[in-house]
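Reading through the structure tokens given below for one structure.
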Number of protein chains: 4
Amino acid sequence: MQGDPLRTGRLGSGRPDPVAEFLSSMAADRWIAEADVLVDIAHLLMLERREILDSASARTLMEALLTLRSEGLPEEIFDDCYEDVHAGIEAYLIGRAGAEIGGRLHIGRSRNDEVATCIRMRLRHELLDRMAAILELRRVLIERAGEATETIMPGFTHLQHAQPTTLAHHLLAYEEAFGRDFERFGECFARVNRSPLGAAAFASTGYPIDRDFTAAALGFDGLAVNTMDAVAARDFALEAMNACSLLMSTVSRICEELVVWSSAFVRFVELDDAYCSTSSIMPQKKNPDTAEIMRAKAATVTGACMAAYTCMKGLPMSYNRDLQELTPHLGRAVGETGAALELLAGMIASARFDAERMREESAKGYTTATEVADMMVREFDLAFRTAHAIVGRAVRKGTLDLETLEEAAGEMASLSLKERGLTEDRIKSALDPEYGVSVRTAPGGPAPAATKKSIAERSRRLDADEVWVAEASERIGRALSQLVADAEEFIK
Amino acid sequence: MQGDPLRTGRLGSGRPDPVAEFLSSMAADRWIAEADVLVDIAHLLMLERREILDSASARTLMEALLTLRSEGLPEEIFDDCYEDVHAGIEAYLIGRAGAEIGGRLHIGRSRNDEVATCIRMRLRHELLDRMAAILELRRVLIERAGEATETIMPGFTHLQHAQPTTLAHHLLAYEEAFGRDFERFGECFARVNRSPLGAAAFASTGYPIDRDFTAAALGFDGLAVNTMDAVAARDFALEAMNACSLLMSTVSRICEELVVWSSAFVRFVELDDAYCSTSSIMPQKKNPDTAEIMRAKAATVTGACMAAYTCMKGLPMSYNRDLQELTPHLGRAVGETGAALELLAGMIASARFDAERMREESAKGYTTATEVADMMVREFDLAFRTAHAIVGRAVRKGTLDLETLEEAAGEMASLSLKERGLTEDRIKSALDPEYGVSVRTAPGGPAPAATKKSIAERSRRLDADEVWVAEASERIGRALSQLVADAEEFIK
Amino acid sequence: MQGDPLRTGRLGSGRPDPVAEFLSSMAADRWIAEADVLVDIAHLLMLERREILDSASARTLMEALLTLRSEGLPEEIFDDCYEDVHAGIEAYLIGRAGAEIGGRLHIGRSRNDEVATCIRMRLRHELLDRMAAILELRRVLIERAGEATETIMPGFTHLQHAQPTTLAHHLLAYEEAFGRDFERFGECFARVNRSPLGAAAFASTGYPIDRDFTAAALGFDGLAVNTMDAVAARDFALEAMNACSLLMSTVSRICEELVVWSSAFVRFVELDDAYCSTSSIMPQKKNPDTAEIMRAKAATVTGACMAAYTCMKGLPMSYNRDLQELTPHLGRAVGETGAALELLAGMIASARFDAERMREESAKGYTTATEVADMMVREFDLAFRTAHAIVGRAVRKGTLDLETLEEAAGEMASLSLKERGLTEDRIKSALDPEYGVSVRTAPGGPAPAATKKSIAERSRRLDADEVWVAEASERIGRALSQLVADAEEFIK
Amino acid sequence: MQGDPLRTGRLGSGRPDPVAEFLSSMAADRWIAEADVLVDIAHLLMLERREILDSASARTLMEALLTLRSEGLPEEIFDDCYEDVHAGIEAYLIGRAGAEIGGRLHIGRSRNDEVATCIRMRLRHELLDRMAAILELRRVLIERAGEATETIMPGFTHLQHAQPTTLAHHLLAYEEAFGRDFERFGECFARVNRSPLGAAAFASTGYPIDRDFTAAALGFDGLAVNTMDAVAARDFALEAMNACSLLMSTVSRICEELVVWSSAFVRFVELDDAYCSTSSIMPQKKNPDTAEIMRAKAATVTGACMAAYTCMKGLPMSYNRDLQELTPHLGRAVGETGAALELLAGMIASARFDAERMREESAKGYTTATEVADMMVREFDLAFRTAHAIVGRAVRKGTLDLETLEEAAGEMASLSLKERGLTEDRIKSALDPEYGVSVRTAPGGPAPAATKKSIAERSRRLDADEVWVAEASERIGRALSQLVADAEEFIK
């Protein structure tokens with residue numbers, strides 16, 4: 001095995017293995033290896049077009065690169081004896097084309113801009129994948145909401161039965177939240193998809209390179225212009241991790257609900273067996289493990305984000321090796337988010353919601369007490385706070401009926417509701433959960449008419465978002481295909 | 001002092017003081033008190049227009065609210081005996097207008113939507129302020145860069161002298177980074193400036209409220225539509241904290257540089273006395289304290305952000321009291337960011353950069369060795385990696401001149417550079433930092449021509465961004481002025 | 001108002017207000033002001049005894065300090081025009097005793113060692129307070145466990161009914177966890193209670209100071225020896241914050257359970273009204289707000305901890321102003337932990353557990369299925385995994401009785417349990433939760449005999465821990481009383 | 001390949017691959033696989049001794065386990081089709097011994113206690129390893145300090161030259177800090193090394209198990225008594241991560257200094273080539289990469305810690321699957337800490353400190369100005385604050401000599417120092433760094449006598465700490481050897 005070609009001049013004899021392992025980014029570099037070959041191809045084409053490199057050398061190198069592209073990177077490239085995949089590829093090229101030619105590819109660039117370019121290429125791909133997965137999740141939520149616009153259930157505040165709502169309304173709350181996550185991923189994508197290539201170590205280069213050419217060839221939407229910022233900044237990575245953390249924060253909430261709703265106390269949902277485990281000792285158990293682990297993954301992603309912030313804190317310009325340590329956190333954050341998203345859509349799509357249990361609980365816990373108070377305000381001209389106090393007192397007495405309300409009205413406000421015309425029937429109709437839901441017709445409210453309108457609006461938004469992702473993916477795919485085609489044309 | 005009007009019905013006797021203090025959000029509620037009165041005014045106008053509240057009661061309440069608006073909230077409203085400022089204001093209204101009328105303002109809403117609305121109003125204001133401060137900082141950076149396009153300095157990687165660049169190039173790296181922060185704040189603003197009002201507890205209300213009216217009256221750009229999401233989500237707050245953390249991450253880097261550059265070793269900059277302290281014991285000291293504390297504030301903001309993530313993890317729908325604990329973290333994050341930003345622009349504007357020291361250092365540490373290697377590649381047809389190895393070996397010998405290069409070429413590549421025509425003069429010109437900078441003309445590079453072009457482009461961007469902030473601020477200001485005018489008209 | 005006495009020599013004219021406010025640690029310094037006066041007194045006594053300061057000057061200064069001690073610090077000392085409380089006190093002394101004498105107290109020390117000493121004094125006090133509060137909490141848990149050794153309840157894994165246990169067993173799990181927190185606080189205390197005084201800026205001083213004297217006078221258990229470490233390290237503070245975070249992590253878990261157990265689904269507990277709130281709109285609600293906020297406080301404390309880590313990352317030796325920003329995080333972490341602890345003990349002490357509901361639920365969800373499997377293993381010689389599979393299959397059939405078990409045995413293992421002698425009665429007795437609990441007699445298990453033994457052991461441990469705290473508190477109190485007495489004696 | 005033996009009874013058909021991968025802890029379980037076999041052996045011996053399992057079955061199982069022990073676990077055990085390594089081993093045993101016997105090992109325990117036991121066994125091993133590495137690092141620091149008690153260097157505050165000190169004093173600051181880390185690891189070890197085995201799912205078991213036997217056999221120092229706490233708590237893991245974070249926080253500081261000291265500005269140290277890298281483009285560079293990456297690892301460890309806190313927040317009793325996600329964070333935290341520690345000792349041991357550069361800088365930046373002020377206080381009876389102001393003013397004038405001091409004294413205090421007898425010679429001797437160091441003889445100060453005393457004391461402490469680690473390691477090693485010997489004896 002060859003030694004790292006970079007060390008031969010400046011530094012003394014090789015380093016001990018534990019150091020090599022400590023310094024090597026190889027484990028993380030598999031993440032960007034495919035991008036690296038594309039970057040090499042684009043850079044090489046540019047060098048040749050700008051006549052920085054002679055055509056013969058360029059051809060030799062391009063043949064080797066296209067072989068890597070078509071056959072995949074051989075395992076030797078990832079050996080820990082190289083500091084990184086860039087060094088591994090260079091050693092491979094030198095092995096194939098000799099030191100004279102193999103060493104020429106690195107003209108006019110540095111590993112600093114190279115790695116930044118590779119990370120952005122990989123990351124934009126991950127972001128688009130995550131966006132597609134969010135869309136799938138939102139589609140499932142909208143579809144399940146569509147089935148459940150009249151599925152009455154108790155809504156909760158403080159985990160207490162609060163007011164009746166519908167399962168559709170509940171699911172749409174999550175869909176709207178994930179819609180904002182989608183926006184954030186898209187905005188992040190716009191900042192990620194800028195090319196740092198040509199920034200070299202940080203000061204660009206004296207060679208007459210063409211940054212716009214390589215940017216376009218690699219499917220970037222433009223340049224990360226300032227060359228020092230281009231290699232030193234990682235806010236694009238942190239922003240992606242933030243977007244993942246925020247998304248996973250909401251995922252942890254829906255998972256918490258799935259865990260609670262799966263409990264024997266609640267039984268609002270039964271998750272498909274595929275997403276559950278049993279106990280090694282308690283044969284009756286069916287545990288919502290996938291939801292639990294997914295909930296925990298939110299912590300994993302946040303922790304990766306925290307690590308990245310701490311890593312960046314107080315680093316002077318421009319490139320510092322600390323940045324290498326950031327990439328695995330990024331990979332973990334977007335990777336775990338992807339794994340969770342993929343399963344979540346399926347878990348919700350296959351969940352069996354128990355409408356009967358939901359209906360049963362929606363009348364418990366005095367969830368319609370607000371309606372009773374509201375009714376007294378509207379029909380018997382009480383101040384809201386007075387009505388609120390009377391109903392609260394009646395609840396303390398253990399039930400909500402004409403007798404307890406009348407007593408409470410006497411105690412709290414020295415008035416008689418009976419005299420004002422309140423009847424047992426009027427109370428009963430106000431206590432009916434269906435009634436409570438049906439009157440909540442404000443935009444975004446739980447009344448079936450309102451949720452159906454929301455579903456229609458959100459579906460249109462979803463369709464537009466799908467077009468966006470498809471177009472962005474295609475734009476990049478087209479550029480990369482063209483690049484490889486140009487490279488193949490060149491060596492013909 | 002009156003008791004909390006909310007507790008009288010449902011709960012037993014008052015709570016002990018330590019509990020009241022623990023539960024009270026009063027300390028944080030000063031942050032949203034001004035917004036709360038505006039929300040009350042808008043809600044009241046809507047109730048009256050929709051005939052949910054009779055005009056006479058509305059007039060009485062409006063008079064009280066306009067008094068609060070014009071005279072400020074009396075201290076009694078912030079007493080810890082109230083759980084929050086909403087309860088304090090209601091108690092004030094009851095005190096002025098009696099329980100009958102005072103208790104009517106809360107019709108058709110809940111503290112859940114009220115507090116979410118207030119936080120968003122305060123936050124959008126903070127975001128616009130931060131954006132204005134970022135613009136000021138960027139303007140300072142661009143101006144100082146404009147003075148320094150030919151101020152040669154060493155650029156660093158790994159805190160090692162690396163290649164020559166200019167101060168302008170270095171400052172513009174930060175300006176470009178802060179430009180992205182500006183974008184993120186603006187995108188966050190768009191998600192923050194949506195009205196949750198009318199969501200009530202989470203299920204909206206049976207009253208025929210007009211959510212669009214209150215949204216427009218309060219200067220929102222639209223609704224937070226789904227009413228459960230509207231009260232339960234705090235991703236808008238977390239996103240703002242993320243934006244602050246990212247910005248402060250970059251601030252910590254520039255501060256680190258100011259600290260390092262202020263050291264007696266470096267002396268690239270002398271900060272104005274206003275931003276420095278001396279020692280209580282070492283009379284000669286001039287310490288860059290402001291930069292140090294600012295660097296530490298990055299940690300404070302990140303910590304607030306992490307607290308918020310942890311707080312939200314696994315909370316089920318819809319509102320949970322945990323959310324109250326999040327608001328002070330938000331206030332701290334945006335507040336500390338604001339304090340830091342305000343000072344940073346002034347600190348950089350008043351800093352005295354020492355061009356002579358920078359020039360002196362730019363020739364040290366072999367910063368132009370890359371140029372020597374590049375020259376050998378271009379003019380003597382060496383492979384880049386070979387040239388790199390030869391120069392590296394020569395550096396190990398202690399100097400870069402014809403003799404050491406010739407020796408190194410023999411050792412590393414068995415060739416003679418002298419024979420290929422290399423002269424001492426050619427080496428000297430390649431070693432000249434001005435030369436090294438002048439050839440780096442790629443977009444975003446340090447050559448004066450390139451930085452001047454960047455300055456022009458960035459200035460145009462800055463102007464456009466200033467228009468954006470001005471328009472957003474004015475739009476909100478106009479809506480709120482109109483709201484108060486309408487309220488005053490109503491009570492005439 | 002006087003200017004900051006420290007700035008007059010080295011630095012130019014005063015600084016603008018926003019900078020003064022940004023740099024000032026005054027808000028946080030109230031936290032250490034009382035300690036500061038004690039440190040001044042001890043330092044002054046030492047200076048006089050070592051004849052570094054003449055007795056007359058020392059007497060004048062001591063009179064002023066004892067006035068501050070007895071009458072409290074006047075508000076002017078906390079003015080933001082001083083960078084910190086140390087400067088404020090010095091200005092006060094100069095105001096009283098003139099510049100000649102007032103300026104002498106700072107001989108042989110620096111603010112760096114002074115502030116480190118003050119923080120440690122305040123922190124040790126906070127730690128002992130927290131330890132006392134943990135003891136109170138543990139006592140409550142043990143007492144409530146003592147009442148509940150036979151209160152059968154379902155234990156949960158994955159929030160699923162798992163196996164029957166007792167409330168005592170459940171409460172003792174928390175008590176044991178808090179016992180470890182107590183240990184950690186005590187070990188942290190040992191590292192906190194070391195005196196950095198005399199380290200001066202970091203290099204100690206040329207004056208013949210007596211570090212051991214001031215350490216003993218201030219109640220420290222020894223020195224933070226190396227003087228650079230003494231001013232530069234804050235691991236003692238981070239360790240305290242870690243201890244708080246760990247404690248609060250467990251607190252968040254017990255709070256989560258109180259929230260879940262308070263829900264209408266579960267009703268295992270009713271919290272005292274004092275710890276609950278109602279809704280502003282839903283009059284029937286009784287929300288476990290204290291438990292929710294306490295759960296959220298865990299996040300606040302962790303966030304403070306993370307801010308501190310990020311702040312310290314990569315700071316070179318010795319003192320950097322960044323350290324100032326750490327103290328408020330420390331104050332928040334220990335303060336919020338204290339507020340939570342104080343309430344938690346009371347909340348649990350006053351909680352009404354519903355033994356009937358617990359018993360009712362303990363038979364649901366097949367919690368005793370493990371016993372059935374175990375019984376089949378023991379009495380009918382099945383492999384555990386076979387018995388587990390049979391019971392699991394029977395549960396899927398919807399019930400656990402002779403018929404379903406027999407069917408399941410046929411399907412899963414082609415055997416007949418009836419033939420082996422299994423009867424309906426045997427199944428019934430195995431399904432009885434009381435039986436399931438009573439056989440779990442291993443150390444730490446839920447059988448009443450085992451929990452009673454645990455209660456006895458833990459009570460003994462608690463008593464010993466109480467002695468520890470009392471002795472540590474008294475040791476410090478005695479030293480400080482003696483210090484003030486010596487100071488008063490000195491000025492007589 | 002066999003299916004997971006646990007799922008067969010309760011749950012439906014197999015799960016899709018992505019779910020299996022998501023739920024599987026296999027990647028992390030390699031970390032505990034070796035411990036798992038030992039736990040199985042101890043549990044099996046106990047079952048047989050207590051006659052819970054017949055000897056014949058026990059013998060068959062033991063033979064299989066000892067094979068695993070001696071030959072290592074076959075790769076099939078780690079297949080993702082098993083949820084975890086426990087299931088993998090059980091499948092292996094069933095494969096060897098048939099379902100009848102293979103399924104019997106799990107009697108009287110659960111994966112909940114099993115995994116907690118394995119993690120503790122692995123973790124105690126990691127902790128002892130880390131402690132040994134800390135000792136090695138401390139030894140290096142003490143040795144290098146021993147060579148450098150008279151190596152004068154400038155000490156820094158705010159990265160400004162502050163006062164002269166010695167390299168020995170500086171290194172000992174770190175040694176003392178790492179000494180506290182050692183203590184924390186040891187205290188954590190005491191809480192980690194407790195056996196949860198026998199807690200089963202959380203409620204222990206009805207079988208007459210012997211928890212004390214297995215605890216002793218596995219080298220534990222006692223029980224994690226309460227069986228619910230034993231499986232549900234992970235504070236032992238978080239505490240270990242805290243200890244790592246604190247240690248790495250200090251490591252990040254020493255690394256920052258190595259980076260700064262390696263810069264061309266400072267040149268206080270040259271790291272051995274083995275720990276450095278060069279640039280791919282700048283042939284002259286020698287970058288302190290190991291120190292940079294190590295600094296970044298501090299962030300990685302803190303992030304893992306943060307993830308763990310967030311993961312645990314609000315989890316109800318007892319076991320939740322979220323806990324599985326915590327283990328990899330623990331492994332990463334202790335693993336990265338180990339990798340860093342190992343290299344750090346070597347990096348410092350092999351570093352070449354440049355005493356000449358240090359001495360040269362120690363007289364710059366007016367580092368001895370404090371001495372001049374102190375001299376004026378002592379010898380010319382000035383108030384400290386007055387002397388401080390005069391020296392500060394003189395420094396602003398650009399130099400510290402008789403003329404500038406005299407002028408400053410006139411301006412600041414209207415007095416003449418010449419009249420009081422100050423001479424140029426007296427100033428010069430006070431400005432001498434060697435003098436400034438030699439007078440700082442307080443305990444822990446930089447005077448050579450003081451540091452030599454510290455070195456002696458710290459060496460004694462180090463020796464004692466080494467004995468502690470050796471004894472703890474041996475105690476565990478002995479127990480485990482005995483366990484395997486007993487098992488081998490049993491099957492003879």
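Chain identifiers are assigned alphabetically (A, B, ...) following the order of the sequence lines, protein sequences preceding nucleic acid strands; residue numbering begins at 1 within each chain.
Within the 4.5 angstrom heavy-atom criterion, only side-chain atoms of M306(C), from C-beta onward, approach chain D. With a 4.5 angstrom heavy-atom cutoff, L159(D) touches chain C via backbone and side-chain atoms both. Contacts between T165(D) and chain C at a heavy-atom distance below 4.5 Å involve the side chain alone, from C-beta outward. In this structure, chain C has a heavy atom under 4.5 Å from the backbone of L382(D), while its side chain stays farther away. Only the side chain of Y174(D) comes within less than 4.5 Å of a heavy atom in chain C; its backbone stays farther off. If you measure heavy-atom distances from P164(D) to chain C, the contacts under 4.5 Å come from the backbone alone. Heavy atoms closer than 4.5 Å to chain C are found in both the backbone and the side chain of E239(D). When heavy atoms are compared at a cutoff of 4.5 Å, D381(D) approaches chain C by way of both its backbone and its side chain. Heavy-atom distances place both the backbone and the side chain of S318(D) under 4.5 Å from chain C. Proximity to chain D is limited to the side chain of I209(C), based on heavy atoms less than 4.5 angstrom apart. Heavy atoms of R191(C) lying under 4.5 Å from chain D belong exclusively to its side chain. At a 4.5 Å heavy-atom cutoff, R458(D) makes no contact with chain C through either its backbone or its side chain. If you measure heavy-atom distances from E183(D) to chain C, the contacts under 4.5 Å come from both the backbone and the side chain.
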- [ ] Please lay out, stage by stage, how T250(D) and M312(C) fare under the test side chain to side chain contact (heavy atoms under 4.5 Å, CB included).
- [x] CA-CA 8 Å; T250(D) 300; M312(C) 295 306 292; over 6 Å; no
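We find the CZ-CD1 distance between R385(C) and I94(D) to be 7.0 Å, quoted to the nearest 0.5 Å. Rounding to the nearest 0.5 Å gives a distance of 4.0 Å between OG of S57(C) and CD1 of I101(C). Going from atom CH2 of W261(D) over to atom CD1 of I254(D) covers 8.0 Å, rounded to the nearest 0.5 Å. One distance of note links CG of L246(D) with OG1 of T302(D); it measures 9.0 Å at 0.5 Å rounding.
The closest donor-acceptor contact from the side chain of S249(D) to the backbone of S245(D) lies at 3.5 Å or more, if one exists at all. A distance-only check finds a donor-acceptor pair linking the side chain of N226(C) to the backbone of H169(D) [under 3.5 Å]. The closest donor-acceptor contact from the side chain of R440(C) to the backbone of A447(C) lies at 3.5 Å or more, if one exists at all. With hydrogens and angles disregarded, no donor-acceptor distance shorter than 3.5 Å links the side chain of Q163(D) to the backbone of F202(C). A donor-acceptor pair is defined here as one N or O able to donate and one able to accept, closer than 3.5 Å; no such pair exists between the side chain of E292(D) and the backbone of V259(D). At least one donor-acceptor pair closer than 3.5 Å links the side chain of R211(C) to the backbone N or O of S195(C). Between the side chain of E90(D) and the main chain of H106(D), no donor-acceptor pair closer than 3.5 Å is present.
Interface check for chain D: of the options R104(C), E100(C), E256(C), the most heavy-atom pairs under 4.5 Å are formed by R104(C). The candidate from E457(D), R184(D), E411(D), H158(D) with the greatest count of non-hydrogen atom pairs under 4.5 Å with chain C is R184(D). Interface summary for chain D: among E371(C), R295(C), E175(C), R321(C), the most heavy-atom pairs under 4.5 angstrom belong to R321(C). Chosen from T227(D), V439(D), N320(D), the residue pairing most often with chain C at heavy-atom distances under 4.5 Å is T227(D). Of the listed residues (S454(C), G198(C), C255(C), A232(C)), the one with the most heavy-atom contacts under 4.5 Å to chain D is A232(C). Annotation: maximal heavy-atom pairing with chain D below 4.5 Å, among G436(C), G314(C), S252(C), G206(C), occurs at G314(C). Contact tally against chain C (heavy-atom pairs below 4.5 Å) for D229(D), D210(D), L223(D): the top residue is D229(D). The greatest number of non-hydrogen atom pairs below 4.5 Å with chain D, out of P316(C), C305(C), A394(C), is found for P316(C). Annotation: maximal heavy-atom pairing with chain C below 4.5 Å, among M248(D), Q160(D), H170(D), K313(D), occurs at H170(D). Counting heavy-atom pairs closer than 4.5 Å to chain C, the top-ranked of the candidates M375(D), R378(D), M317(D), E257(D) is M317(D). The residue among Y435(C), Y207(C), F236(C) with the most heavy atom pairs within less than 4.5 Å of chain D is Y207(C).
At least one side-chain heavy atom of N242(D) sits under 4.5 Å from a side-chain heavy atom of Y309(C). The shortest side-chain heavy-atom distance between L315(C) and L323(C) falls under the 4.5 Å cut-off.
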